[in-house]
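For ligands, and for the atoms within them, numbers begin at 1 and follow the listed sequence. Residue numbers count from 1 along this sequence. Because the structure is a prediction, the values reported are computed rather than measured.
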Amino acid sequence: MRIIAEHLSWEVAGRAVVDDVSLDVAPGETVGLIGPNGSGKSSLLRCLAGLRTPAAGTVRYDGEPIRGWSARRVARRVAFVEQVADTDGDLRVVDVVGLGRTPFGDRWRGPGAHDRAVVDAALARLGLTALRDRAWKALSGGERQRAHIARALAQQPYAILLDEPTNHLDVKHQLELLALLAGTDQTVLVALHDLSLAARHCDRLLLLHGGRLVAAGPPKDVLTPELLAQVFEVDAETGPDALGHLAVSYRGPLTPRSPATDPSPPPSTTPSTNKDC
Ligand SMILES: Nc1ncnc2c1ncn2[C@@H]1O[C@H](COP(=O)(O)OP(=O)(O)OP(=O)(O)O)[C@@H](O)[C@H]1O
């Protein structure tokens with residue numbers, strides 16, 4: 001499924017948190033959303049998932065504007081894995097993953113054999129089969145995160161939006177998750193803080209800064225030392241790691257320098273203004 005945003009803005013108290021963002025994520029693409037803390041990644045994802053009503057602009061799924069769609073209609077197409085997602089009640093893991101079938105449910109009947117098979121397959125893909133009947137409250141942070149991703153897969157969506165899905169995961173599960181996302185036919189838009197993981201697993205990266213989309217393209221074109229300095233305020237280089245994967249190496253944070261002691265000019269790259277990405 002293609003996800004398009006056109007001149008999307010979302011405001012809080014008159015301040016644009018998402019500022020005139022246009023993007024186009026093609027069917028089956030895996031796109032990484034990167035940017036510093038507070039740059040608007042979560043807010044943009046929430047707009048794209050229909051959970052925020054934009055102040056301006058349009059979100060389209062396969063060409064259809066989603067404004068006014070019910071949550072159920074959106075959820076039949078797109079699954080959203082939020083950054084902090086909790087689940088109340090005395091549920092087992094299988095029940096939480098089963099919530100992914102809610103958009104397809106019948107109020108009068110419980111889940112059928114097909115629903116149960118889809119849930120079991122999602123549990124297996126996230127390595128959670130052994131925890132199937134464990135109480136949700138007894139799970140570790142990373143296990144909960146994997147269960148929420150399994151819930152999203154159980155939704156059988158055409159597209160998955162994920163907000164920092166690796167933040168509680170150990171390195172093995174980070175690599176497994178990103179390989180899973182990169183390997184799926186579904187459209188994936190994933191917010192990530194680990195730029196090297198984003199470079200390795202995403203077809204394209206979208207770079208947000210102050211709510212605006214300032215760069216988009218293949219990882220090697222977005223993760224330039226100039227943009228990393230300007231947007232993330234780090235002194236960094238990009239190049240192949242020991243295995244030949246594109247990776248970012250950091251000398252450290254850039255610290256503001258006094259003009260009196262250091263006359264060197266600021267980085268010359270000016271982020272491009274928003275463009276269709
Ligand atoms: N409901 C809200 N009310 C007020 N301010 C908000 C709200 N939602 C987001 N913001 C502000 O908008 C800005 C962008 O927040 P957002 O969570 O989208 O950033 P982010 O890029 O996902 O950050 P992080 O990397 O820290 O998760 C922040 O300054 C945040 O405080």
For this session: May I ask you to decide whether Arg2 forms a salt bridge with Asp62, counting only side-chain N to carboxylate O separations under 4.0 Å?
Result: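 Asp62 and Arg2: not salt-bridged.
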Exercise. Any Lys/Arg nitrogen of Arg146 or Glu176 sitting under 4.0 Å from an Asp/Glu carboxylate oxygen of the other?
Worked result: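 Looking at Glu176 together with Arg146, the answer is no, because their closest N to O distance does not fall below 4.0 Å.
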Exercise. So how far is it from Asp235 CG to Ser249 OG, rounded to the nearest 0.5 Å?
Worked result: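 Answer rounded to 0.5 Å: 11.0 Å.
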Problem set entry | Single hit among Ile34, Val214, Leu195 for side chain to side chain contact (heavy atoms under 4.5 Å, CB included) with Val222 |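 Exactly one option meets the side chain to side chain contact (heavy atoms under 4.5 Å, CB included) with Val222, and it is Ile34.
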Exercise. In terms of hydrophobic clustering (I, L, V, M, F, W, Y; side-chain heavy atoms under 4.5 Å; direct or indirect links), are Ile4 and Leu48 co-clustered?
Worked result: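 Hydrophobic grouping puts Ile4 apart from Leu48.
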Exercise. Under 4.5 Å between side-chain heavy atoms, hopping through other hydrophobics if needed: is there a path connecting Val171 to Leu178?
Worked result: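 Linked, Val171 and Leu178 end up in one cluster.
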[atom] - nearest protein heavy atom and its distance:
atom: atom 12 (O) of ligand 1; result: Val17 CG1, 3.2 Å
atom: atom 14 (C) of ligand 1; result: Gly38 O, 3.3 Å
atom: atom 4 (C) of ligand 1; result: Val12 CG1, 3.3 Å

Exercise. For ligand 1, does Arg15 get within less than 4.0 Å through its side chain, its backbone, both, or neither, judged by non-hydrogen atoms?
Worked result: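 Side chain only.
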Exercise. Using a heavy-atom cut-off of under 4.0 Å, does the side chain or the backbone of Asn37 touch ligand 1, or both, or neither?
Worked result: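 Asn37 to ligand 1: contacts from backbone and side chain alike.
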Is [X] in contact with ligand 1, taking contact as a heavy-atom separation below 4.0 Å?
X: Pro36; result: yes
X: Gln83; result: yes
X: Gly40; result: yes

For this session: Scan side-chain atoms only and decide if Gln83 and Asn167 contain a donor-acceptor pair under the 3.5 Å cut-off.
Result: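 Not at all, the side chains of Gln83 and Asn167 share no donor-acceptor pair under 3.5 Å.
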For this session: Would you check if there is a donor-acceptor pair between the side chains of Ser42 and Asp163 at a distance under 3.5 Å?
Result: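 A donor-acceptor contact under 3.5 Å links the two side chains.
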Within the 4.0 Å heavy-atom shell around [X], which atoms of ligand 1 are there?
X: His193; result: 25 (O)
X: Ser43; result: 9 (C), 15 (O), 16 (P), 18 (O)
X: Lys41; result: 18 (O), 19 (O), 20 (P), 21 (O), 22 (O), 23 (O), 24 (P), 25 (O)

Exercise. Can any side-chain N or O of Thr224 pair as donor or acceptor with the backbone N or O of Asp221 at less than 3.5 Å?
Worked result: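 Here the side-chain-to-backbone pair does not exist.
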Exercise. For Gly35, is at least one N or O under 3.5 Å away from an N or O on ligand 1?
Worked result: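 By distance alone, the answer is no.
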For this session: Name the option, out of Ser42, Gly211, Ala16, that contains the heavy atom nearest to atom 22 (O) of ligand 1.
Result: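 Nearest option to atom 22 (O) of ligand 1, by heavy atoms: Ser42.
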